[in-house]
Number of protein chains: 2
Amino acid sequence: MDRRASEKDDDTSAKERPTLKTLAFMTGLGVTTVSRALKDAPEIGAETRRRVQLVAKQIGYRPNRAGVRLRTGKTNVISLVLNTEHELMSFVSDIIYGVTEVIADTPYHLIVTPYSRSQDPLDPVRYLVETGSADGVIISRTQPNDPRARYMLERGIPFATHGRTDMGLVHPYHDFDNYAFASEAVRHLAGIGRRRLALLTPPIGLTYRGHTVDGFTDALSEVGASEVPFNTVTIDHSIEQIRMRTAQLMRREDRPDGFVSSAAAATLAIVAGIEDAGLKLGRDVDVVSKQSSELLHLFRRELLVVNENFRLAGSELARAVLGWIGGKEPGSLQSLSKPGEVQAYRHSGEK
Amino acid sequence: MDRRASEKDDDTSAKERPTLKTLAFMTGLGVTTVSRALKDAPEIGAETRRRVQLVAKQIGYRPNRAGVRLRTGKTNVISLVLNTEHELMSFVSDIIYGVTEVIADTPYHLIVTPYSRSQDPLDPVRYLVETGSADGVIISRTQPNDPRARYMLERGIPFATHGRTDMGLVHPYHDFDNYAFASEAVRHLAGIGRRRLALLTPPIGLTYRGHTVDGFTDALSEVGASEVPFNTVTIDHSIEQIRMRTAQLMRREDRPDGFVSSAAAATLAIVAGIEDAGLKLGRDVDVVSKQSSELLHLFRRELLVVNENFRLAGSELARAVLGWIGGKEPGSLQSLSKPGEVQAYRHSGEK
DNA sequence: TTGGCAATCTGTAACGTTTCAGTATATTGA
DNA sequence: TCAATATACTGAAACGTTACAGATTGCCAA
């Protein structure tokens with residue numbers, strides 16, 4: 001029952017990274033047994049299992065990812081697919097942090113897969129699926145009829161979308177309730193006497209634009225206020241363009257006395273446009289804006305804000321993908337984040 | 001010379017992803033030959049090479065990453081190591097975009113490796129090196145005597161630092177010239193009559209804090225202005241803390257009439273603090289601030305700004321790591337980005 | 001003719017893992 | 001006692017790639 005004292009490479013040198021072979025040599029078992037012992041397979045004796053796991057921990061064994069991936073196809077990778085051509089996506093870092101928070105104590109790595117405006121958004125997803133580069137995918141800028149979601153559903157690769165689709169297909173998602181945001185914003189503005197409201201919408205084509213517009217419109221008729229069309233720009237436009245269009249709008253006779261803005265950076269532009277037109281925030285017009293970090297109140301204390309937590313979104317999305325990979329029902333991995341109340345300025349400090 | 005018509009898996013099914021074996025079967029060559037033909041090895045006939053490469057392109061062959069990685073140890077991965085516990089790192093997305101821009105037409109993937117405040121910053125780096133998870137690493141929040149750089153230098157793994165070290169060791173880096181920024185800022189303030197200046201510094205311990213302080217101090221004596229100490233906070237502190245400290249400072253007799261701020265978010269807090277104390281920006285005090293996106297002028301047009309381009313930083317860092325991996329001299333992969341001029345507000349639009 | 005050599009091509013082994021198809025030993029049932 | 005069966009373990013093969021150590025061929029010099 002003697003073991004050969006030195007296999008070609010399992011000698012005494014402690015410098016190499018330990019493998020199953022190393023463990024097998026040290027415990028006097030076969031690599032198969034070691035492999036199974038480490039993953040709690042049923043046909044391994046209780047003591048053997050404990051012994052192997054102890055030794056593995058002692059010498060800091062870590063499975064070789066390439067070996068596992070080659071053999072099983074499991075990559076232990078989650079890919080976050082991002083559009084890199086949009087100017088002020090400061091929330092991207094929050095999403096990333098949220099994702100990493102969740103996968104921190106799993107074997108998963110996060111890879112960032114970019115695509116630019118010029119590309120078909122399907123390209124990066126197709127690449128990931130064809131090359132089998134990830135076990136799960138997170139996409140954003142979700143559309144009602146999203147080819148990426150359809151494609152991944154067909155191929156059977158787990159994914160989660162930031163934002164919902166509307167194709168009658170079920171898949172995990174996380175979304176912020178933009179319908180609630182927009183309608184609450186309108187109600188709040190109506191509550192402080194604003195009657196002629198304009199909406200700066202999310203980009204055309206994305207699902208949450210529809211939600212936002214619906215919430216806005218429904219609440220308008222509910223409170224009996226009217227809409228001042230502001231359709232020439234979206235939050236995807238440049239700061240300069242939004243500013244210019246806002247100024248133009250505010251110089252007209254029938255200008256709005258309230259704005260609802262779907263993004264903090266765009267709100268800066270709206271306010272600049274308002275002031276370009278010689279009007280004053282809080283007196284001539286009020287603005288309700290979403291924000292992802294609590295900075296707008298420093299900008300103008302008259303602003304009304306609603307917070308959207310992208311770190312939470314990242315965590316929820318990661319949890320959803322991992323859940324799907326782990327065999328849960330896609331339909332059970334959907335979450336909607338409710339907005340808090342519209343917040344006016346209040347500073348706890350001096351004055 | 002006949003080839004066996006159907007190897008166990010090289011049959012007619014066109015569904016599986018092509019491998020070298022597939023190519024070998026299609027071209028009638030051995031896998032070794034195919035492998036070499038694809039990487040332009042010298043001992044392959046010119047025509048064979050062309051033929052193999054043509055077929056490979058036709059059927060969309062893509063090398064299996066796990067296979068390559070297992071055999072060669074090459075991961076084709078660059079890791080960006082990030083601290084996830086700092087509040088307003090909006091520039092992180094810019095760095096990521098910069099990196100992805102550069103690695104887009106290489107086989108490299110970008111993985112994001114996080115660590116939190118509670119952890120030793122060396123932990124994630126040690127993990128990457130020990131598990132051989134990346135061919136190259138990018139780190140930020142660089143310190144004069146940085147254990148991470150020293151560690152990676154010892155282990156011989158290519159890396160680049162965002163910011164410089166000061167250990168007498170040579171390695172690739174990219175840095176913004178914060179000495180130039182701070183000294184230019186002081187000169188500009190002096191040029192508009194400000195004589196008592198305060199500096200909101202980068203976090204204690206990071207190399208660029210020293211550069212910033214040096215630039216500030218040197219320029220002070222050059223222009224004959226004096227410093228008002230403002231050492232109780234750094235840009236790592238919370239908005240609320242910076243705001244409070246600024247307000248306290250501005251209520252004192254010997255308050256500064258000029259600020260230099262190393263970060264845009266902190267500048268919002270400084271301005272809020274100034275206004276809390278009942279003073280007015282541009283009249284009682286001027287502020288020069290770095291910013292990474294052009295938003296500060298929308299915030300207060302009296303602000304004086306210097307732009308720092310983090311997307312460029314990301315690109316340069318990626319280029320540096322890839323260069324090192326590719327065999328270039330580490331010493332030749334260092335770059336310093338010069339700040340532009342201090343910019344006062346100018347708006348091209350209406351009024 | 002022969003040996004040598006360059007030019008091309010090839011099979012085998014190995015990277016570390018898991019799966020398949022066992023083998024050896026002890027335990028049970030009759 | 002024997003066979004059947006459960007328990008605990010094992011070697012070999014395979015995933016796709018590259019490196020090593022040959023093979024085969026044709027050509028040239030001697």
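Bear in mind that the values here come from a model prediction, so they are computed numbers and not experimental data. Each chain gets a letter, A, B and so on, in the order the sequences are listed, and its residues count up from 1. Atoms considered below: every heavy atom in the structure, side chains included; atoms not considered: hydrogens, waters and symmetry mates.
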[X] has an atom [atom1]; how far is it from atom [atom2] of [N], in whole Å?
X	N	atom1	atom2	answer
Arg69(B)	dT17(C)	CZ	C1'	13 Å
Leu70(B)	dA13(C)	CG	C1'	13 Å
Phe25(B)	dG16(D)	CZ	C1'	18 Å
Glu16(A)	dC15(C)	CD	C1'	12 Å
Leu23(A)	dT17(C)	CG	C1'	13 Å
Lys21(B)	dT18(D)	NZ	C1'	15 Å
Glu47(B)	dC9(C)	CD	C1'	14 Å
Leu38(A)	dC9(D)	CG	P	13 Å

Going by modelled atom types, is there a donor-acceptor pair between the base of [N] and the side chain of [X] at under 3.5 Å?
X	N	answer
Thr72(A)	dT19(C)	no
Thr48(A)	dA8(D)	no
Arg36(A)	dT10(D)	yes

From [options], pick the nucleotide closest to the side chain of [X]?
X	options	result
Ile44(B)	dT17(C), dC9(C), dT18(D)	dC9(C)
Tyr61(A)	dT18(D), dT17(C), dC9(D)	dT17(C)
Leu29(A)	dC9(D), dT17(D), dT10(C)	dC9(D)
Thr33(A)	dT10(D), dC9(C), dA13(C)	dT10(D)
Asn64(A)	dG16(C), dT10(D), dA14(C)	dG16(C)
Glu43(B)	dT18(D), dT8(C), dG16(C)	dT8(C)

_With a 4.0 Å limit, can you tell me whether Lys39(B) has a side-chain N or O closer than that to the phosphate oxygens OP1/OP2 of dT18(D)?_
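Answer is yes, contact under 4.0 Å.
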| task | Give a yes/no on whether any side-chain N or O of Thr32(B) is located under 4.0 angstrom from OP1 or OP2 of dG11(C). | result |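 Answer is no, no contact under 4.0 Å.
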Worked verdict on Arg311(B) versus Thr84(A) for side-chain contact (heavy atoms from CB on, under 4.5 Å):
CA-CA 11 Å; Arg311(B) 192 160 188 147; Thr84(A) 59; 4.0 Å; yes
- Message: Both Gly45(B) and Gly67(A) contact DNA chain C. Which one's nearest nucleotide lies toward the 5' end?
- Response: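 Result: Gly45(B).
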Quiz item: Is the side chain of Asp135(A) donor-acceptor paired with the backbone N or O of Asn76(A) at a distance under 3.5 Å, no angle test?
Solution: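 Between the backbone of Asn76(A) and the side chain of Asp135(A) there is a qualifying donor-acceptor contact (under 3.5 Å).
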Open item on the list: Are more than 12 heavy atoms, taken from residues, nucleotides or ligands other than Lys74(B), located less than 6.0 Å from that residue's NZ atom?
Closed with: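 Counting other residues, nucleotides and ligands, NZ of Lys74(B) exceeds 12 neighbours.
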Hey, is CD on Glu47(B) packed in by over 12 heavy atoms from elsewhere, all under 6.0 Å?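 Atom CD in Glu47(B) is not packed in, count stays at 12 or less.
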Step by step, would you call Arg17(A) with Arg62(A) a side-chain contact (heavy atoms from CB on, under 4.5 Å)? CA-CA 8 Å; Arg17(A) 189 145 100 93; Arg62(A) 288 233 186 71; 3.5 Å; yes
